[in-house]
Amino acid sequence: MFCLPYAGGGASAFNSWPDALPDTVELQAVQLPGRESRYHEPMFTDILKTASALATSIEPYLDRPYALFGYSMGALIAFELIRELRRRGTHLPAQLFVAARRAPQNSPICPPLMHLTLDDFLEKMRHYYDPPQGAWELPELLEIILPPLRADMRMCEGYVYHPEPPFDCPIHAFAGHSDLCSPPDIVQAW
């Protein structure tokens with residue numbers, strides 16, 4: 001199972017998952033450029049380019065059944081990754097799992113954040129996404145967190161949905177009742 005993180009997140013978001021999965025599931029957490037072990041690489045700001053690069057990276061590993069899991073931004077990347085793999089005629093996933101992300105064809109219900117000033121951006125992020133308390137009070141931590149987070153917001157907010165045929169694999173969508181930007185009724189449209 002390939003796991004794609006939320007905006008601003010990295011592969012370490014999935015560190016505890018292997019212990020909760022059966023031995024028959026091998027977890028591969030995707031590390032996007034610009035974070036954690038790839039901190040000094042240029043960040044993606046376009047979903048389609050991200051999906052294309054990711055398709056190239058994982059193609060050698062698609063010789064067995066696999067699934068994709070995307071959390072928030074990762075769900076959108078997983079969606080476009082499947083579309084890219086289908087265009088390439090590559091083996092497609094057996095299942096797609098998505099969480100905390102509205103269906104791609106639905107318009108956002110939260111206002112865009114990418115063009116806000118730093119203070120306004122942080123205030124809106126606190127309101128909508130409830131980051132760990134006090135984490136954003138440390139300037140040194142903000143220097144690390146903000147560049148990938150802003151790049152990822154640019155990537156998500158710049159995404160334009162284009163209709164294509166539906167997938168043949170099942171889609172399992174998960175939502176939190178208190179999620180302001182992706183409530184259950186919006187996530188259900190997957």
Side-chain angles (χ1 to χ4, degrees), residues 1-18 25-64 66-88 90-93 96-101 104 108 112-122 124-126 128-129 131-132 135-162 181:
M1 179 166 59
F2 294 96
C3 295
L4 297 124
Y6 48 86
S12 66
F14 304 104
N15 280 353
S16 65
W17 284 40
V25 177
E26 178 185 350
L27 186 137
Q28 293 295 322
V30 173
Q31 186 70 280
L32 297 173
R35 58 212 79 212
E36 297 178 4
S37 63
R38 299 181 71 185
Y39 183 75
H40 295 291
E41 295 179 37
M43 292 170 256
F44 290 123
T45 57
D46 179 273
I47 291 281
L48 299 181
K49 289 179 181 175
T50 304
S52 178
L54 190 51
T56 300
S57 295
I58 70 169
E59 270 184 303
Y61 306 99
L62 305 183
D63 58 346
R64 63 191 90 157
Y66 70 97
L68 295 174
F69 172 81
Y71 187 87
S72 192
M73 175 193 71
L76 187 57
I77 295 172
F79 175 78
E80 283 298 336
L81 173 59
I82 294 173
R83 291 172 134 195
E84 176 64 23
L85 292 170
R86 182 170 57 188
R87 284 189 283 275
R88 293 180 183 201
T90 305
H91 181 66
L92 298 178
L96 170 61
F97 299 92
V98 296
R101 177 70 192 188
L113 305 177
M114 67 179 173
H115 298 296
L116 296 176
T117 65
L118 176 60
D119 290 340
D120 290 341
F121 179 78
L122 292 175
K124 293 293 184 188
M125 289 300 293
R126 283 183 187 100
Y128 289 119
Y129 301 107
W136 291 6
E137 308 303 321
L138 305 170
E140 302 84 17
L141 187 57
L142 280 177
E143 283 181 34
I144 296 168
I145 293 172
L146 282 177
L149 184 57
R150 282 191 110 34
D152 291 350
M153 296 309 283
R154 216 173 296 123
M155 183 166 27
C156 292
E157 292 174 6
Y159 175 74
V160 177
Y161 172 78
H162 296 284
C181 294

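Residue numbers run from 1 in the order of the sequence given. Computed from a predicted model, the values in this text were never measured in an experiment.
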Who are the ring-ring contact (aromatic ring centres under 6.0 Å, His included) partners of H115, not counting sequence neighbours?
none

Nearest-0.5 Å distance, CG of residue L149 to CE of residue M125:
4.0 Å

Donor on one side chain, acceptor on other, R88 and T56, under 3.5 Å:
yes

Got a sec, which residues hit salt bridge (Lys or Arg N to Asp or Glu O under 4.0 Å) with R35, two or more places apart in sequence or on another chain?
D152

I'd like to check the salt bridge (Lys or Arg N to Asp or Glu O under 4.0 Å) partners of E137; sequence neighbours left out, ordered by chain and number.
R126

Sorted by chain and residue number, the side chain to side chain contact (heavy atoms under 4.5 Å, CB included) partners of Y128 (sequence neighbours excluded) come out as C110, P111, K124, L180, C181

Can any side-chain N or O of S52 pair as donor or acceptor with the backbone N or O of L48 at less than 3.5 Å?
no

State the CG-CG distance between L54 and L68, to the nearest 0.5 angstrom.
8.0 Å

What's the spacing between I82 CD1 and R87 CZ if we round to 0.5 Å?
11.5 Å

Identify the two heavy atoms, one from A51 and one from E84, that lie closest to each other, and give their separation to 0.1 Å.
O-CG, 4.1 Å

Sequence neighbours excluded, the answer for ring-ring contact (aromatic ring centres under 6.0 Å, His included) partners of F121 is none

Of the non-hydrogen atoms in R150 and T117, which two are nearest, and what is the gap between them?
NH2-C, 4.0 Å

Pairing residues for R86 by the side chain to side chain contact (heavy atoms under 4.5 Å, CB included) criterion, not counting sequence neighbours
R83, L92, E164, P165, F167

Heavy atoms of other groups near F2 CZ, more than 12 under 6.0 Å:
yes

Quick one: does Y39's side chain get under 4.5 Å of I144's, heavy atoms only?
yes

Any chance you could measure L81, atom CG, to L4, atom CG, to the nearest 0.5 Å?
7.0 Å

Gap between atom CZ of F97 and atom SG of C3 - 0.5 Å precision
9.5 Å

Where do A67 and P93 come nearest, in terms of heavy atoms and distance?
CA-CB, 4.2 Å

Which pairs, with at least one residue in residues 41-50 and sequence neighbours excluded, count as a salt bridge (Lys or Arg N to Asp or Glu O under 4.0 Å)?
R38-E41

Who pairs with T45 by side chain to side chain donor-acceptor pair (under 3.5 Å), at least two apart in sequence or on another chain?
none

Got a sec, which residues hit side chain to side chain contact (heavy atoms under 4.5 Å, CB included) with E157, two or more places apart in sequence or on another chain?
P112, L113, M114, M153

Exceeds 12 heavy-atom contacts within 6.0 angstrom, atom OH of Y161:
yes

For Y66, what residues pass the side chain to side chain donor-acceptor pair (under 3.5 Å) criterion, not counting sequence neighbours?
none

Could you tell me the separation between the CG atom of L146 and the CG atom of L141, rounded to the nearest 0.5 Å?
8.5 Å

So do I77 and L32 actually touch side chain to side chain, heavy atoms under 4.5 Å?
yes

Please enumerate all residues that pass ring-ring contact (aromatic ring centres under 6.0 Å, His included) together with F44, with sequence neighbours excluded.
none

Go through the steps for R154 and M43 under the test side chain to side chain contact (heavy atoms under 4.5 Å, CB included), then give the verdict.
CA-CA 11 Å; R154 216 173 296 123; M43 292 170 256; over 6 Å; no

When you compare the side chain of Y159 with that of E80, does any pair of heavy atoms fall below 4.5 Å?
yes

Name the atoms and distances for all side-chain donor-acceptor pairs under 3.5 Å in residues 5-16, with sequence neighbours left out.
{"residue": "S12", "atom": "OG", "partner": "E36", "partner atom": "OE2", "Å": "2.4"}

